[in-house]
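See structure below.
Note that the numbering runs from 1 along the sequence shown for the chain.
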Amino acid sequence: MASQNDDALKRLRCQRIGCNATFTEDDNPEGSCTFHDSVPIFHDGMKEWSCCKRRSHDFSLFLEIPGCKTGKHTTEKTVLTKPVATSKTPAPAPAPSTTLGSSTPSKELCSRCRQGFFCSDHGSQAKEQTNYAPAVPAGSNVAAEVPPPPVKKKIGINEPQICKNKGCGKTFKEKDNHETACSYHPGPAVFHDRMRGWKCCDIHVKEFDEFMGIPPCTKGWHDANPSS
């Protein structure tokens, strides 16, 4: 029992972005850590890792995107590299083709024709494709098919789980879970004008690693499946 407690005390938490695993100095081989080494990009509600170009609209799913680099675990705060901006010269837009003696664009380039609307210049309208649901006879006893709810996996009280509450990510056992066991952000996360922060505690910073280091503001139960 004492050796197990000593081993738990010796375990360290990796500080690489995208890892968050625990390790010991004696058990830290090359390739045991999977992480992201480049800064994320936030634009128009989309979150993207610039190192692997994987993206998501949902912030929780974005943080669960597995790392694209491997190496050793470390307790040192890593400095994320910023993507190199490449200047792209936009190609000149092709001049719209016009009919001889007229400034009216061709039917292929007409925005109204391409969207299926009536066009006075070309006198055509795309046929609307309407999908009709099959009619159900009146008085029939056919009930609408409702998919069954997902079957919840039974978890033992001693089985280790990873808390999915925002800002937590700790490993816990249900026997040790209680109403103040978890420190987390109820959210939501806010990204606006190059600022990152949490609406729940109204703290906003510029750098992503500073954002990840904002201390949680709420206590509660650990939850390994907050979407359920």
Side-chain angles (χ1 to χ4, degrees), residues 1-38 40 47-49 51-52 54-78 80 147-189 196 198-201 203 208-228:
M1 182 64 70
S3 60
Q4 293 180 353
N5 293 334
D6 293 342
D7 182 66
L9 292 175
K10 292 179 181 178
R11 299 194 69 82
L12 307 171
R13 185 167 296 277
C14 182
Q15 297 298 308
R16 292 190 189 274
I17 300 297
C19 179
N20 202 40
T22 59
F23 68 101
T24 62
E25 294 292 349
D26 297 333
D27 185 17
N28 187 19
E30 186 69 33
S32 59
C33 178
T34 304
F35 61 97
H36 295 286
D37 69 341
S38 192
K47 294 86 175 168
E48 175 184 323
W49 288 108
C51 46
C52 55
R54 297 190 64 181
R55 59 180 65 181
S56 174
H57 281 286
D58 185 87
F59 184 67
S60 298
L61 297 178
F62 170 73
L63 290 180
E64 292 179 4
I65 295 176
C68 57
K69 307 293 182 181
T70 57
K72 287 186 175 183
H73 295 297
T74 179
T75 56
E76 297 181 2
K77 292 281 186 178
T78 55
L80 298 179
V151 179
K152 291 186 178 181
K153 180 183 177 182
K154 293 184 178 179
I155 304 294
I157 61 174
N158 291 313
E159 183 174 346
Q161 303 178 76
I162 298 177
C163 181
K164 296 298 181 65
N165 285 336
K166 299 178 180 68
C168 180
K170 293 183 178 180
T171 302
F172 71 99
K173 296 180 180 179
E174 197 57 47
K175 69 172 184 177
D176 301 323
N177 200 5
H178 54 83
E179 59 185 5
T180 59
C182 178
S183 297
Y184 68 103
H185 290 287
R196 299 129 171 112
W198 293 100
K199 187 176 181 180
C200 48
C201 50
I203 299 178
F208 183 73
D209 54 351
E210 292 178 332
F211 165 75
M212 296 297 293
I214 296 176
C217 59
T218 304
K219 293 283 188 179
W221 295 77
H222 286 303
D223 194 348
N225 188 19
S227 60
S228 61

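Arg55 meets the salt bridge (Lys or Arg N to Asp or Glu O under 4.0 Å) test with Glu48; sequence neighbours excluded. With sequence neighbours excluded, the residues forming a side chain to side chain contact (heavy atoms under 4.5 Å, CB included) with Cys52 are His36, Trp49, Arg54, Cys68, listed by chain and number. Annotation: side chain to side chain contact (heavy atoms under 4.5 Å, CB included) contacts of Thr171 (sequence neighbours excluded): Pro160, Ile162. Considering only residues two or more places apart in sequence or on other chains, Glu174 meets the salt bridge (Lys or Arg N to Asp or Glu O under 4.0 Å) condition with none of them. Legend: residues meeting side-chain hydrogen bond (donor to acceptor under 3.5 Å, both in side chains) with Gln15, ordered by chain and number and at least two apart, are Lys77. Residues passing the side-chain hydrogen bond (donor to acceptor under 3.5 Å, both in side chains) test with Thr22 are Arg11, sequence neighbours excluded. Residues passing the salt bridge (Lys or Arg N to Asp or Glu O under 4.0 Å) test with Glu64 are Lys164, sequence neighbours excluded. With sequence neighbours excluded, the residues that form a side-chain hydrogen bond (donor to acceptor under 3.5 Å, both in side chains) with Lys219 are Ser183. For Thr75, the side chain to side chain contact (heavy atoms under 4.5 Å, CB included) partners are Leu12, Phe23, not counting sequence neighbours. Residues passing the side-chain hydrogen bond (donor to acceptor under 3.5 Å, both in side chains) test with Asp176: none are found, sequence neighbours excluded. Listed by chain and number, the residues in a side chain to side chain contact (heavy atoms under 4.5 Å, CB included) with Ala189 are Phe59, Phe191, Trp198, Phe211 (sequence neighbours excluded).
Pairs of residues two or more places apart, or lying in two chains, never qualify as salt bridge (charged side-chain N to carboxylate O under 4.0 Å, His left out) while including a residue from residues 16-36.
In terms of heavy atoms, Gly67 sits closest to Thr34 at O-CG2, 3.1 Å. Residues Arg13 and Gly169 share a closest heavy-atom pair of NH1-O, 4.0 Å. Residues Lys175 and Asn158 approach most closely at CD-OD1, 2.9 Å, considering heavy atoms. Contact record, Cys217 with His185: SG-ND1, 3.8 Å, taken as the closest heavy-atom pair. A pairwise comparison of heavy atoms in His222 and Ala181 identifies NE2-O, 3.2 Å as the closest pair. In terms of heavy-atom proximity, Phe35 sits nearest to Thr70 at CE2-C, 3.6 Å.
A heavy-atom distance below 4.5 Å is not found between the side chains of Lys47 and Ser56. Taking 4.5 Å as the limit, some side-chain heavy atom of Cys163 sits within range of a side-chain heavy atom of Phe172. Residues Pro188 and Lys199 have side chains in contact (heavy-atom distance under 4.5 Å, counting atoms from C-beta outward). Here the side chains of Thr74 and Lys72 are not in contact, with every heavy-atom distance at 4.5 Å or above.
Here the straight-line distance linking atom CD of Glu159 with atom NZ of Lys173 works out to 10.5 Å at 0.5 Å rounding. With values rounded to the nearest 0.5 angstrom, Cys14 atom SG is found 11.0 Å from Glu76 atom CD.
Side chain of Asn165 to main chain of Cys168: no donor-acceptor pair is present (N/O by atom type, distance under 3.5 Å, no hydrogens or angles).
Defined by atom type and a distance below 3.5 Å, a donor-acceptor pair is missing between the side-chain atoms of Thr24 and Asn28.
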*asked:* Would His73 and Cys33 count as a side-chain contact (heavy atoms from CB on, under 4.5 Å) here? Give the steps.
replied: CA-CA 5 Å; His73 295 297; Cys33 178; 3.4 Å; yes

